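Written below as structure tokens is the structure these notes are about.
Note that the structure is a prediction, hence the values are computed from the model and not measured. Count residues from 1 along the sequence.
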Amino acid sequence: MVTERVTRDDIRALKIGQTGVFTLPNAKAVESGRVQFATMKRLEDMDFERVETGEPLTIAYKRLK
């Protein structure tokens, strides 16, 4: 999905086994998105696996738990 930022609600919406792909406007938003995934892992006991996209402004994570 093309978006300005990755929100916690976006992450919560991912079902187990589903991969979320986020295309962001700049490198700062990409780093912020990575931090959001790490925060959700810590706060809500979710588990994710990073998926390579080959695009510098796109991040993808598969929800494992």
Over all heavy atoms of both residues, which pair between Arg8 and Thr39 is shortest? Give the atoms and the distance, please.
-> NH2-CG2, 3.4 Å
Closest heavy-atom pair, Ala13 versus Gln18, reported as atoms and distance to 0.1 Å, is O-OE1, 3.9 Å
Check the pair Tyr61 / Arg34 against side chain to side chain contact (heavy atoms under 4.5 Å, CB included), numbers first and verdict last.
-> CA-CA 9 Å; Tyr61 285 87; Arg34 288 184 182 136; 3.5 Å; yes
Side chains of [X] and [Y]: does their closest heavy-atom pair fall under 4.5 Å?
X     : Y     : result
Ile16 : Leu64 : no
Met1  : Thr23 : no
Ile11 : Phe37 : yes
Phe48 : Met46 : yes
Pro25 : Glu4  : yes
Met40 : Arg42 : no

Between the main-chain N or O of Gly33 and the side-chain N or O of Gln36, is there a donor-acceptor pair closer than 3.5 Å?
-> no
Is Arg63 reaching over with its side chain to a backbone N or O of Leu14, donor-acceptor style, under 3.5 angstrom?
-> yes
Please walk me through it: do Val21 and Thr19 pass side chain to side chain contact (heavy atoms under 4.5 Å, CB included)?
-> CA-CA 6 Å; Val21 180; Thr19 301; 4.2 Å; yes
What residue among Val30, Val35, Ile59 forms side-chain contact (heavy atoms from CB on, under 4.5 Å) with Val6?
-> Ile59
With the threshold set at 4.0 Å, does a side-chain nitrogen-carboxylate oxygen contact exist between Lys41 and Asp47?
-> yes
Before accepting this row, confirm whether a basic side-chain N of the pair Glu44/Arg12 lies closer than 4.0 Å to the acidic partner's carboxylate O.
-> yes
